[in-house]
A.B. asks: 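Have a look at this one before I ask anything.
Just so we're on the same page: letters track the sequence lines, and every chain starts at 1.
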Amino acid sequence: MSDLLGKMKRTHTCSELRDTNIEQEVVLMGWVQHRRDHGGVIFIDLRDRQGITQIVFNPVISESVHGKAQEIRNEYVLGVRGKVASRPGDMRNSNMETGDIEILVEELKIFSRAKTPAFQIDDRVETSETLRLQYRYLDLRRPQLKKNILDRHKASMAIRNYLDSNGFIDIETPFLTKSTPEGARDYLVPSRVNPGNFYALPQSPQLFKQLLMISGFDRYYQIVKCFRDEDLRADRQPEFTQIDMELSFVNEDEIMEIAQGLIQSIFKQVLGKDLTTPFPALTYDEAMERFGLDRPDMRFGLELCNVSDIVKDANFKVFSSVVKKGGLVKAINAKGCASFTRKQIDELTDFTAVYKAKGLAWIKIKEDQWQSPIAKFFTDDEKQALAQRLDLEPGDIVFFVADQPKITNEALGQLRNELGRRLELISDDVFAFTWVTHFPLFDYDETEKRYQSLHHPFTAPHEEDIDKLSTNPLDIKSRAYDLVLNGIEIGGGSIRIHDTYLQEKILKCLGIEAEEAHEKFGFLLEALESGAPPHGGIAFGLDRLMMILCREDSIRNVIAFPKTQKATCPLTEAPSRAGSAQLQELAIKVSRIPE
RNA sequence: GGGGGUGUAGUUCAGUUUGGUUAGAACGCUUGCCUGUCACGCAAGAGGUCGCGAGUUCGAGUCUCGUCACUCCCGCCA
């Protein structure tokens, strides 16, 4: 039988007692982290959310309490009353915050006995993902995961305080709603009272926050769950959290300034780190040109270099024919890496093949010659031009990818990141932010033969580009911006279209007919006609941001109850089959549910 | 949908290349001893469907095929 709490009242946490508390009578409550039974005296590390304090059971103080303490095992939940005692000099533990003191226990309550845990509650012992998720409540007792969750709370408070003091209003938007016109698959929820009809869980509160602008709540925010039924990744969960904001009567500069302040405030509160603002900004075109990706990791150099013009007439047909077909030949000079082995080069070739590059050409620059399978194809003039453009010096190795622009940029951009990792140019302690602006408004979907919004169809184009709608839509730049941190997109937003006429033109360009538009989000179009302020916003992925702040490499480690890669929860065993009575009530034909 | 990695004691792993007697280690757990430890120490002990299924073989943790789970990536998705 367990002891009850009774009149026992916790006076302190396990992190706060110090030398100054000596002789005080205190009551601590918590879990047993370790026990060290010396036959006579028993030491126990008592753990709670805040920390660990050593408690001591000594038969000299109480024979009966010491006897009872012999039963104690790891993870038992205890309440102890006793006196704070100083630890004599060499018995102090400088590794513990509370290492100068200990509690001499006079009264012991065992609130709860615990089975031997499925894994040790200790960061030093790695455990499989399944087991961690199945016993998530034990996993959350471990220091690192606990710290991540507490840091997330700090971030959450920083966000609320900052946005509140900047005039933002926290407004909840519905989870049971209608499909939002963004790319991802929706999670559907059947409606019992409307048989055969479904709600969609929101992929983001996009339409609602625009409606709130039209309502006049000129600064809105929400820390809000969003849902996307797509395959998972280390940085993607089917339900994730956004810091969602929308503002009226502002342009992108103001939004970016406020967003920077928010990030600054989060870093200050969570890490105590002062970030310098404004963050640097790149246009999309510049990011693609220099880094090959729209989310460049700015912690290191190794920039990409376009050499298409130099090799366009080269005897090396792989290069020249690509250029003639409108492709791109770009290169990275890995300074001082001419010592790369054949094996290393092969690994890098395989690496770029993942991103569809057909090959990875290379040249090692030696003192007197170029060592390379392709060097012989270049004239002396071409070699000289390459050497100058790429700043080639003896000891360098330069990698080339030649392909359609999309593939060249992606493959070489990813290779750049890989080289950064391999050459250890990337530090966890550096936080390199950059804005990426002037995204294309559309891209072209080859399979569906039509234009698609890169962001979403409510993103405003730059004013000077509007007349390209009828001539060259792919040249239109949008008023969208992403915030990139260490090569990871942590947020993005845009100025929205607040003009019905322009909105209709854009929808037409996207091939969305009036009828279809009306059916999908007619309510927004109608609202735009009811007095819409100029407005725009931004949303940050809180999980990704916390992942970087906590130096984790998976967002699962900053989410209390995440899902596996198959989108299941080993703890609750969700998703699970529904009973046929339940399905019948929802008017879902049971016979069509696969066994 | 596709490619890679992993799966052996409660946990983390070794053993698989080259099939061969009773499958090991560390931590954890149990019991005993121990009054100053702090990942206490010492001694003894328990603990195995080698993910699952089939096949090859005199013989499979080890080879083959299938399958499941976890994970990383491509596709997909901001």
Side-chain angles (χ1 to χ4, degrees), chain A residues 33-46 52-61 66 70 73-75 85 87-96 98-99 102 104 114-135 138 182-186 203-204 206 226-238 240 242 294-295 350-357 407 410-411 414 418 436 439 447 453-456 459 480-484 488-494 538-541 543-544 553-554 556 563-566 568 570:
Chain A
Q33 178 70 36
H34 276 299
R35 100 193 137 98
R36 295 177 292 278
D37 183 348
H38 284 247
V41 67
I42 300 172
F43 301 97
I44 283 176
D45 292 338
L46 195 68
I52 289 179
T53 297
Q54 172 166 289
I55 61 176
V56 186
F57 297 89
N58 194 323
V60 174
I61 290 174
H66 176 264
Q70 284 176 326
R73 293 294 180 272
N74 283 351
E75 300 308 315
R87 295 207 217 172
D90 57 347
M91 293 166 202
R92 300 194 167 204
N93 186 340
S94 56
N95 297 322
M96 280 172 79
T98 59
E102 61 193 6
L104 307 178
K115 288 192 290 191
T116 302
F119 50 84
Q120 286 162 253
I121 311 298
D122 192 327
D123 281 340
R124 287 166 294 209
V125 181
E126 290 290 320
T127 306
S128 79
E129 201 72 22
T130 327
L131 214 57
R132 289 181 57 191
L133 291 179
Q134 188 181 346
Y135 298 96
L138 297 180
E182 289 185 85
R185 245 177 240 115
D186 288 314
Q203 295 177 32
S204 88
Q206 181 60 33
C226 301
F227 306 86
R228 289 179 188 163
D229 186 6
E230 295 292 346
D231 286 355
L232 288 80
R233 286 280 194 289
D235 62 354
R236 265 161 41 188
Q237 284 272 309
F240 59 98
Q242 281 191 352
D294 62 3
R295 45 185 195 289
D350 291 345
F351 178 85
T352 51
V354 170
Y355 302 96
K356 309 265 183 334
I407 291 175
E410 174 80 11
Q414 295 286 0
E418 177 67 11
V436 179
F439 279 79
T447 50
S453 290
L454 210 71
H455 201 77
H456 55 60
T459 304
Y481 33 82
D482 279 359
L483 185 61
V484 177
I488 296 173
E489 182 212 322
I490 58 164
S494 64
I538 190 165
F540 290 99
D543 313 284
R544 283 185 185 176
D553 43 26
S554 164
R556 289 189 300 274
K563 300 215 166 20
T564 68
Q565 202 177 29
K566 275 267 187 69
T568 66

A.B. asks: OP1, OP2 of B/U30 versus side-chain N and O of A/Arg73: anything below 4.0 Å?
C.D. replies: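 Answer yes for this pair, as a side-chain N or O of A/Arg73 is under 4.0 Å from OP1 or OP2.
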A.B. asks: Could you identify the nucleotide paired to B/G47, looking across every strand shown and requiring Watson-Crick or G-U wobble geometry with both distances under 3.5 Å?
C.D. replies: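 Matched B/G47 with nothing under the 3.5 Å cut-off.
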A.B. asks: Return the nucleotide paired to B/A26: Watson-Crick means purine N1 to pyrimidine N3 with N6-O4 or O6-N4, wobble means G-U with N1-O2 and O6-N3, both under 3.5 Å.
C.D. replies: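 B/A26 is paired with B/U11.
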A.B. asks: For a quick test of reading the model: is some side-chain N or O of A/Asn74 closer than 4.0 Å to OP1 or OP2 of B/G28?
C.D. replies: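 No, no such contact exists.
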A.B. asks: Whether A/Asp45 and A/Arg36 form a salt bridge (side-chain N of Lys/Arg under 4.0 Å from carboxylate O of Asp/Glu) is what I want to check.
C.D. replies: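 Salt bridge flag = yes for A/Asp45 with A/Arg36.
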A.B. asks: Could you tell me the separation between the CG atom of A/Asn58 and the CG atom of A/Leu104, rounded to the nearest 0.5 Å?
C.D. replies: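 So the CG of A/Asn58 and the CG of A/Leu104 are separated by 7.5 Å.
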A.B. asks: Taking B/G28 as the reference, what is the distance to B/A46 when you measure between their C1' atoms (whole Å, please)?
C.D. replies: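 Going atom to atom, C1' in each nucleotide, I get 13 Å.
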A.B. asks: Pick the C1' atom in B/A9 and in B/G15, then give their distance to the nearest Å.
C.D. replies: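 Straight-line distance between the two C1' atoms is 14 Å.
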A.B. asks: Taking the side chain as everything from C-beta on, heavy atoms only, tell me whether A/Arg556 gets closer than 4.5 Å to A/Glu129.
C.D. replies: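 Yes, their side chains come closer than 4.5 Å.
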A.B. asks: Using atom names, set out every protein N or O paired with an N or O of nucleotides 36-39 of chain B below 3.5 Å, distance rounded to 0.1 Å.
C.D. replies:
{"from": "B/G36", "atom 1": "N1", "to": "A/Glu102", "atom 2": "OE2", "distance (Å)": "2.8"}
{"from": "B/G36", "atom 1": "N2", "to": "A/Glu102", "atom 2": "OE1", "distance (Å)": "2.4"}
{"from": "B/G36", "atom 1": "N2", "to": "A/Glu102", "atom 2": "OE2", "distance (Å)": "3.0"}
{"from": "B/U37", "atom 1": "O4'", "to": "A/His38", "atom 2": "NE2", "distance (Å)": "3.3"}
{"from": "B/U37", "atom 1": "O2'", "to": "A/His38", "atom 2": "NE2", "distance (Å)": "3.4"}
{"from": "B/U37", "atom 1": "O2", "to": "A/Arg36", "atom 2": "NE", "distance (Å)": "2.6"}
{"from": "B/U37", "atom 1": "O2", "to": "A/Arg36", "atom 2": "NH2", "distance (Å)": "3.3"}
{"from": "B/U37", "atom 1": "N3", "to": "A/Gln54", "atom 2": "OE1", "distance (Å)": "2.9"}
{"from": "B/U37", "atom 1": "N3", "to": "A/Gln54", "atom 2": "NE2", "distance (Å)": "3.1"}
{"from": "B/U37", "atom 1": "O4", "to": "A/Gln54", "atom 2": "NE2", "distance (Å)": "2.7"}
{"from": "B/U37", "atom 1": "O4", "to": "A/Arg87", "atom 2": "NH1", "distance (Å)": "3.0"}
{"from": "B/C38", "atom 1": "O4'", "to": "A/Arg36", "atom 2": "NE", "distance (Å)": "3.0"}
{"from": "B/C38", "atom 1": "O2", "to": "A/Gln54", "atom 2": "OE1", "distance (Å)": "3.3"}
{"from": "B/C38", "atom 1": "O2", "to": "A/Asn93", "atom 2": "ND2", "distance (Å)": "3.2"}
{"from": "B/C38", "atom 1": "N3", "to": "A/Arg87", "atom 2": "NH1", "distance (Å)": "2.7"}
{"from": "B/C38", "atom 1": "N4", "to": "A/Arg87", "atom 2": "NH1", "distance (Å)": "3.3"}
{"from": "B/C38", "atom 1": "N4", "to": "A/Met91", "atom 2": "O", "distance (Å)": "2.3"}

A.B. asks: Atom CZ of A/Phe119 to atom C1' of B/A9: distance rounded to whole Å?
C.D. replies: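 A/Phe119 atom CZ is separated from B/A9 atom C1' by 18 Å.
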A.B. asks: Grab the CD-P distance between A/Gln134 and B/G10 for me, whole Å please.
C.D. replies: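 One finds 14 Å between P of B/G10 and CD of A/Gln134, rounded.
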A.B. asks: For a quick check, with a 4.0 angstrom heavy-atom cut-off, what is the B/S/- contact string for nucleotides 69-74 of chain B, read 5' to 3'?
C.D. replies: SSBBSB
A.B. asks: Can you tell me how far apart CG (A/Leu454) and OG (A/Ser494) are? Round to the nearest 0.5 Å.
C.D. replies: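 Answer for the CG-OG pair, A/Leu454 versus A/Ser494, is 11.0 Å.
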A.B. asks: Whole angstrom is fine here: how far is it from CG in A/Leu131 over to P in B/C13?
C.D. replies: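 Going from CG in A/Leu131 over to P in B/C13 covers 12 Å.
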A.B. asks: For B/U62, which nucleotide is its Watson-Crick or G-U wobble mate, given both distances must be under 3.5 Å?
C.D. replies: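 Partner of B/U62: none found under 3.5 Å.
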A.B. asks: Which whole-number value in Å describes the distance from A/Leu138 CG to B/G28 P?
C.D. replies: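 Nearest whole value for this atom pair: 17 Å.
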A.B. asks: Check this for me: does the side-chain of A/Arg236 come within 3.5 Å of the base of B/C77 through a donor and an acceptor?
C.D. replies: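 Under the 3.5 Å cut-off, the side chain and the base do form a donor-acceptor pair.
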A.B. asks: How long is the span from the CZ atom in A/Arg132 to the OG1 atom in A/Thr127, to the nearest 0.5 Å?
C.D. replies: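 Going from the CZ atom of A/Arg132 to the OG1 atom of A/Thr127 covers 7.0 Å.
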A.B. asks: Can you tell me, in whole Å, how much space there is between the C1' of B/A14 and that of B/U8?
C.D. replies: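 It comes out at 10 Å once rounded to the nearest Å.
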A.B. asks: List in chain and number order the residues that pass ring pair (Phe, Tyr, Trp, His ring centres under 6.0 Å) with A/Tyr135, two or more places apart in sequence or in another chain; answer none if no residue qualifies.
C.D. replies: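 For A/Tyr135 there are no ring pair (Phe, Tyr, Trp, His ring centres under 6.0 Å) partners, ignoring immediate neighbours.
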A.B. asks: To the nearest Å, how far apart are A/Asp294 CG and B/C77 P?
C.D. replies: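 Between P of B/C77 and CG of A/Asp294: 14 Å.
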A.B. asks: Can you tell me, in whole Å, how much space there is between the P of B/A54 and that of B/A60?
C.D. replies: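 B/A54 and B/A60 have their P atoms separated by 13 Å.
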A.B. asks: If I take atom OG1 from residue A/Thr352 and atom CD from residue A/Glu418, how far apart are they, to the nearest 0.5 angstrom?
C.D. replies: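 Answer rounded to 0.5 Å: 10.0 Å.
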A.B. asks: Could you give the CD-to-P distance, from A/Gln237 to B/A78, as a whole number of Å?
C.D. replies: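 Value for this atom pair: 16 Å.
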A.B. asks: If we call it a pair only when both distances are under 3.5 Å in a Watson-Crick or G-U wobble match, what pairs with B/C70?
C.D. replies: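 Its partner is B/G5 (Watson-Crick or G-U wobble, both distances under 3.5 Å).
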A.B. asks: Write down the atom of A/Gln237, the atom of A/Leu232, and the distance for their closest heavy-atom approach.
C.D. replies: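 A/Gln237 and A/Leu232 have their closest heavy atoms at NE2-CD2, 3.8 Å.
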A.B. asks: Rounded to the nearest Å, what distance is computed from the NE2 atom of residue A/His66 to the P atom of nucleotide B/U35?
C.D. replies: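 Taking atom P of B/U35 as the reference, NE2 of A/His66 is at 9 Å.
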A.B. asks: Could you measure between the two C1' atoms, the one in B/U6 and the one in B/C58, and give it in whole Å?
C.D. replies: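 Per the computed distance, 33 Å lies between those C1' atoms.
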A.B. asks: Check the distance between B/U11's C1' and A/Glu126's CD and give it to me in whole angstrom.
C.D. replies: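 In whole Å, B/U11 C1' and A/Glu126 CD are 11 Å from each other.
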A.B. asks: If you look at every heavy atom in A/Phe43 and A/Gln54, which pair is closest and at what distance?
C.D. replies: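 Closest approach of A/Phe43 to A/Gln54, heavy atoms only: CD2-NE2, 3.3 Å.
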A.B. asks: Under 3.5 Å for both donor-acceptor distances, Watson-Crick or wobble: does B/G75 have a partner, and if so which one?
C.D. replies: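 Looking at the geometry, B/G75 pairs with no nucleotide.
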A.B. asks: For a quick check of understanding: with a heavy-atom distance under 4.0 Å over all strands, which category does A/Arg35 fall into, base, sugar-phosphate or nothing?
C.D. replies: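 Sugar-phosphate contact only.
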A.B. asks: What integer number of Å spans the C1' atoms of B/G24 and B/C42?
C.D. replies: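 Straight-line distance between the two C1' atoms is 23 Å.
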A.B. asks: Suppose you measure atom C1' in B/C65 against the same atom in B/G48; what distance do you get, rounded to whole Å?
C.D. replies: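 Each nucleotide's C1' atom is 26 Å from the other's.
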A.B. asks: Does A/Gln70 have more than 12 heavy atoms from other residues, nucleotides or ligands lying within 6.0 Å of its CD?
C.D. replies: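 More than 12 heavy atoms, drawn from other residues, nucleotides or ligands, come within 6.0 Å of this atom.
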A.B. asks: Got A/Thr98 and A/Ile52 here, is their nearest side-chain heavy-atom distance under 4.5 Å?
C.D. replies: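 No, every pair of side-chain atoms sits at 4.5 Å or beyond.
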A.B. asks: How far, in whole Å, is B/C13 from B/G7 if one measures between their P atoms?
C.D. replies: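 Here B/G7 and B/C13 have their P atoms 9 Å from each other.
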A.B. asks: Using Watson-Crick or G-U wobble geometry with both distances under 3.5 Å, which nucleotide pairs with B/U17?
C.D. replies: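 Checking every strand shown, B/U17 finds no partner, since no pair has both distances under 3.5 Å.
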